[in-house]
Amino acid sequence: MRIESLARFPLAQLPTPIEELKSLSRELGGPELVIKRDDQTGLALGGNKTRKLEFLVGQALEQGADTLITMGAAQSNHCRQTAAAAARAGLRCELLLNGTKPELPNGNLLLDELLGARIHWVQPSEREARLRELPDQLRKEGRKPYVIPVGGSNGVGATGYVLAMIELAEQLHGINRRVDHVVFASSSGGTQAGIVVGAKVTGFAGKLHGVSIDKDGRDGVPYEQELADIANDAAKYIGFDAKFTANDFNVVYEYLGGGYGVVSDLEREAIRLLGSREGIVLDPVYTGRAMGALIDFIRKKTFRSDETVLFWHTGGAPALFAYAKDLI
Ligand SMILES: Cc1ncc(COP(=O)(O)O)c(C=O)c1O
């Protein structure tokens with residue numbers, strides 16, 4: 001493997017802590033619960049994208065880029081962290097956000113503006129065309145754009161989570177602890193793909209559960225195949241000789257509720273429980289849903305009482321402020 005020699009721009013405060021969730025475990029009468037705090041990666045309110053952006057920005061700088069372009073929802077955590085990463089690296093940032101400009105920016109959108117990103121509002125139907133046009137337009141202006149895919153989910157970005165898994169294995173070794181299950185939110189795939197590659201690199205024996213946030217697994221290319229493609233690209237990028245197939249990915253599709261960003265009792269209960277029992281803030285779109293799934297797993301006795309389950313907190317809390325009406 002050649003991880004040490006890959007282009008990488010430092011952005012994250014690592015390792016992120018692992019903490020016990022003793023009150024929550026007691027309350028649910030569940031297995032031992034621990035949480036990995038990637039909401040504390042440290043870049044402009046943190047989150048999972050920081051790890052991916054270390055490698056994406058590293059490659060952008062290596063290629064001589066002066067501008068990062070990426071896209072997402074109006075409350076995209078990925079866009080907020082990309083705007084922050086660009087600022088830290090001395091790059092400009094252009095964001096294609098879905099929808100129309102609201103009267104008052106809030107949550108991640110407010111941060112995008114404060115972090116100096118230029119925002120282009122697009123309708124989903126025109127997004128692909130705008131994504132093709134914008135880099136050309138910037139090149140004509142003499143700029144050197146570097147395009148980051150949705151969620152930073154390609155082989156380069158997923159490399160951040162291969163390393164995260166190596167970090168986790170080292171931490172568990174250091175505290176002499178075994179983790180039997182890892183539960184996390186999965187959406188554009190880079191996190192899950194990286195975790196699965198990292199699990200193979202480290203020989204991690206626990207079961208990995210990616211809770212789908214928005215994909216139902218039936219439309220177009222199966223999500224597991226998308227994950228395998230990203231994982232194979234990541235393995236190639238780091239020089240790890242392994243081949244991944246759709247069968248290597250365990251995706252949970254039962255918690256899609258009303259769709260992406262539609263908050264229900266599942267997320268509301270999870271957010272309030274973690275907040276009131278552990279003083280930890282989840283987000284309404286990703287970690288609220290994934291923790292809601294974990295709580296439901298526990299109630300359905302999916303885990304044995306002598307097992308340890310790790311919830312990987314992937315961040316996103318800034319979006320809470322934009323979802324206030326759905327949460328109270
Ligand atoms: C807070 C949070 N958690 C989880 C995810 C899912 O990660 P991935 O897109 O790598 O599947 C995202 C993606 O935007 C996110 O913002």
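Keep in mind the model is a prediction, meaning the values are calculated, not measured. We count ligands from 1, going down the list as the structure has it; atoms in each ligand are counted the same way.
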Proximal ligand 1 atoms for [X], defined as those under 4.0 Å from one of its heavy atoms:
{"X": "Gly316", "answer": "1 (C)"}
{"X": "Gly190", "answer": "10 (O)"}
{"X": "Gly189", "answer": "8 (P), 9 (O), 10 (O), 11 (O)"}
{"X": "Ser186", "answer": "11 (O)"}

* Determine, using heavy atoms of Gly151 and all atoms of ligand 1, whether some pair is separated by less than 4.0 Å. => no
* Asked: Going by heavy atoms, is Asn48 under 4.0 Å from ligand 1?
  -> yes
In the protein, what heavy atom is nearest to [atom], and what distance, to one decimal place, separates them?
{"atom": "atom 16 (O) of ligand 1", "answer": "Asn77 ND2, 2.9 Å"}
{"atom": "atom 1 (C) of ligand 1", "answer": "Gly315 O, 3.2 Å"}
{"atom": "atom 11 (O) of ligand 1", "answer": "Ser187 N, 2.7 Å"}
{"atom": "atom 9 (O) of ligand 1", "answer": "Ser188 OG, 2.5 Å"}
{"atom": "atom 12 (C) of ligand 1", "answer": "Lys49 NZ, 3.0 Å"}
{"atom": "atom 4 (C) of ligand 1", "answer": "Thr314 OG1, 3.2 Å"}

* To do: Check whether the side chains of Thr50 and Gln81 place a donor and an acceptor atom closer than 3.5 Å, and report yes or no.
  => yes
* Lys52 and Ser153: side-chain donor and acceptor closer than 3.5 Å? -> yes
* Is it possible for you to say whether Tyr255 and Ile298 belong to one hydrophobic cluster, with membership spreading through side-chain heavy-atom contacts below 4.5 Å? => yes
* To do: Report yes or no: does Glu19 contribute a side-chain atom to a donor-acceptor pair with the main-chain N or O of Ile35 at less than 3.5 Å?
  => no
* Side-chain donor or acceptor of Asp136 paired with backbone N/O of Glu133 under 3.5 Å -> no
* Asked: Quick one: does His78 get an N or O within less than 3.5 Å of an N or O on ligand 1?
  -> no
* Asked: What's the verdict on side-chain contact (heavy atoms from CB on, under 4.5 Å) for Val182 and Lys36, showing C-alpha distance, side-chain angles and the deciding distance?
  -> CA-CA 10 Å; Val182 180; Lys36 174 110 170 114; over 6 Å; no
* Identify the residue among Ile280, Leu294, Leu274 that makes a side-chain contact (heavy atoms from CB on, under 4.5 Å) with Leu24. => Leu274
* Given Asn48, Asp38, Thr314, Thr191, the one that forms side-chain hydrogen bond (donor to acceptor under 3.5 Å, both in side chains) with Tyr161 -> Asp38
* To do: Answer yes or no on whether Lys200 is positioned over the face of Phe240, meaning its NZ or CZ is under 6.0 Å from the six-membered ring centre and within 45° of the axis.
  => no
* With a 4.0 Å heavy-atom cut-off (strictly under), which part of Lys52 contacts ligand 1: side chain, backbone, both or neither? -> side chain
* Can you tell which part of Ser153 has a heavy atom less than 4.0 Å from ligand 1: side chain, backbone, both or neither? -> side chain
* To do: Would you sort out whether Asn108 and Cys79 count as a side-chain contact (heavy atoms from CB on, under 4.5 Å), showing the intermediate values?
  => CA-CA 8 Å; Asn108 282 308; Cys79 288; over 6 Å; no
